[in-house]
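Below is one structure, written out as structure tokens; comments come after it.
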Protein chains: 2
Amino acid sequence: MLSKKTKYAINALVFIAKNKKDEPISVSRISEEHQIPLKFLETILTELKNARIVNSTKGKYGGYSLNQTPERIQMAKIIRLFDGAIALLPCVSENFYGRCEKCIDEETCGIRQIAMEIHSETVKRLKAATLADIIKREEKLKK
Amino acid sequence: MLSKKTKYAINALVFIAKNKKDEPISVSRISEEHQIPLKFLETILTELKNARIVNSTKGKYGGYSLNQTPERIQMAKIIRLFDGAIALLPCVSENFYGRCEKCIDEETCGIRQIAMEIHSETVKRLKAATLADIIKREEKLKK
DNA sequence: TATAAAACCTATCAGTTTTATAGGAATTAA
DNA sequence: TTAATTCCTATAAAACTGATAGGTTTTATA
């Protein structure tokens with residue numbers, strides 16, 4: 001399951017992306033709109049900023065805006081940033097590889113093979129799921 | 001990521017299933033073979049027993065054996081037993097449904113639609129992944 | 001130049017979950 | 001009777017999650 005942090009991050013990004021004027025959006029604005037605790041959301045946006053997904057404008061009338069086009073912001077990246085590995089097992093993870101505890105032989109592990117297949121399928125979909133894609137889906141669903 | 005509990009459970013089940021003679025297998029035997037803490041493994045097998053996946057024989061020379069054929073024991077079930085929902089979001093879970101916090105409209109949520117697609121694909125694979133399937137895969141990989 | 005609204009910084013913390021450990025009671029084959 | 005086992009109940013350390021607290025710094029604008 002995705003953590004609240006990841007879900008809040010996705011909601012915030014969708015909210016920022018939907019804003020057509022190119023003025024930055026403040027944390028307090030997103031916080032009110034989505035009922036996300038202000039201070040918690042602040043740390044989330046700081047992480048997104050450190051990952052160069054958004055950038056910030058300081059001072060009055062400041063806030064956050066996207067640092068990449070919505071087409072380039074993939075859910076795979078957001079999830080990895082906040083929740084870590086997407087894989088079911090560390091031994092099939094691309095970005096957070098690790099051996100399983102007490103694994104006898106990775107090469108002949110049956111459950112590993114299954115995890116690999118699920119992983120590649122899931123990652124493929126989470127890379128296709130960009131901010132732009134999500135917004136397009138929502139527009140379609142609203143009709 | 002799967003919890004250690006789930007991984008230990010799968011390892012234990014594979015070990016029990018591989019045993020051809022139909023004598024039960026003791027927890028201590030699995031614990032030694034797989035380096036899993038004895039008492040921890042005990043609680044895992046108790047849960048598997050409560051879920052009617054294995055059954056137990058008490059007393060000397062007792063232990064655990066499968067309560068279903070390896071063809072009927074699906075990884076989906078084991079994972080749900082120890083880790084809960086397979087889905088990325090509670091709102092697309094079959095067995096552990098719940099609304100997302102602060103969700104405005106489930107029907108028009110874009111990330112939900114993506115989570116649904118990933119969920120159905122993943123569950124399909126985790127249902128096909130039976131104990132028998134895993135063992136067959138391992139035999140193939142050993143060649 | 002004062003003010004208000006914002007990001008930025010650092011620290012803390014409560015609750016839950018995960019991963020165990022401890023010590024025995026009951027059961028059963030030999 | 002003994003040894004090996006499951007079964008039962010309680011406890012606990014460590015890590016993680018979700019959040020709060022109290023400011024400092026920056027900047028647009030009246």
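Since this is a predicted model, take the numbers as computed values, not measurements. Every chain is numbered from 1 and lettered A, B, ... according to where its sequence line falls, protein lines coming before strand lines.
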Among the nucleotides [options], which one has an atom lying closest to any side-chain atom of [X]?
| X | options | answer |
| --- | --- | --- |
| S26(B) | dT5(D), dT26(D), dG18(D) | dT5(D) |
| K58(A) | dA20(C), dT20(D), dT27(D) | dT27(D) |
| P37(A) | dT6(D), dA28(D), dT20(D) | dT20(D) |
| S28(A) | dT5(D), dT19(C), dA6(C) | dA6(C) |
| Y61(A) | dT29(D), dA4(D), dC7(D) | dT29(D) |

Return the value, rounded to whole Å, for the distance between atom [atom1] of [X] and atom [atom2] of [N].
| X | N | atom1 | atom2 | result |
| --- | --- | --- | --- | --- |
| N50(A) | dC9(C) | CG | P | 8 Å |
| K49(A) | dT26(D) | NZ | C1' | 12 Å |
| K5(B) | dA15(D) | NZ | P | 18 Å |
| L38(A) | dC9(C) | CG | C1' | 15 Å |

Taking for each residue the nucleotide of DNA chain D bearing the nearest heavy atom, is the 5' side occupied by L2(A) or by E42(A)?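 It is L2(A) whose nearest nucleotide is closer to the 5' end.
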
Look at all strands and tell whether [X] reaches a base, only sugar-phosphate, or nothing, counting heavy atoms closer than 4.0 Å.
| X | result |
| --- | --- |
| G59(A) | base |
| F82(B) | nothing |
| T57(B) | sugar-phosphate |

Mate of dA13(D) where both pairing distances stay under 3.5 Å, Watson-Crick or G-U: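 Looking at the geometry, dA13(D) pairs with dT18(C).
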
Tell me whether the side-chain N/O atoms of [X] come closer than 4.0 Å to OP1 or OP2 in [N].
| X | N | result |
| --- | --- | --- |
| Y8(A) | dG18(D) | no |
| K60(A) | dA30(D) | no |
| S56(A) | dC8(C) | yes |

Please evaluate the base of dG18(D) for a donor-acceptor partner in the side chain of K39(A) within a cut-off of under 3.5 Å?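 By the distance-only test, no, there is no pair.
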
What I want to check is whether the side chains of T6(B) and S3(B) have a donor and an acceptor closer together than 3.5 Å.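 Judged by distance alone, the side chains do pair up.
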
Salt-bridged, E121(A) to K124(B), with N to O below 4.0 Å?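 Looking at K124(B) together with E121(A), the answer is no, because their closest N to O distance does not fall below 4.0 Å.
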
Check this for me: does any side-chain nitrogen of one of E139(B) and K143(B) sit under 4.0 Å from a carboxylate oxygen of the other?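 Salt bridge between E139(B) and K143(B), a charged N being under 4.0 Å from a carboxylate O: no.
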
Residue of the set I25(A), T46(A), L48(A) for which side chain to side chain contact (heavy atoms under 4.5 Å, CB included) holds with V54(A):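 That would be L48(A).
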
H119(B) side chain reached by E94(B) side chain, heavy atoms, under 4.5 Å: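 Sidechains of H119(B) and E94(B): in contact.
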
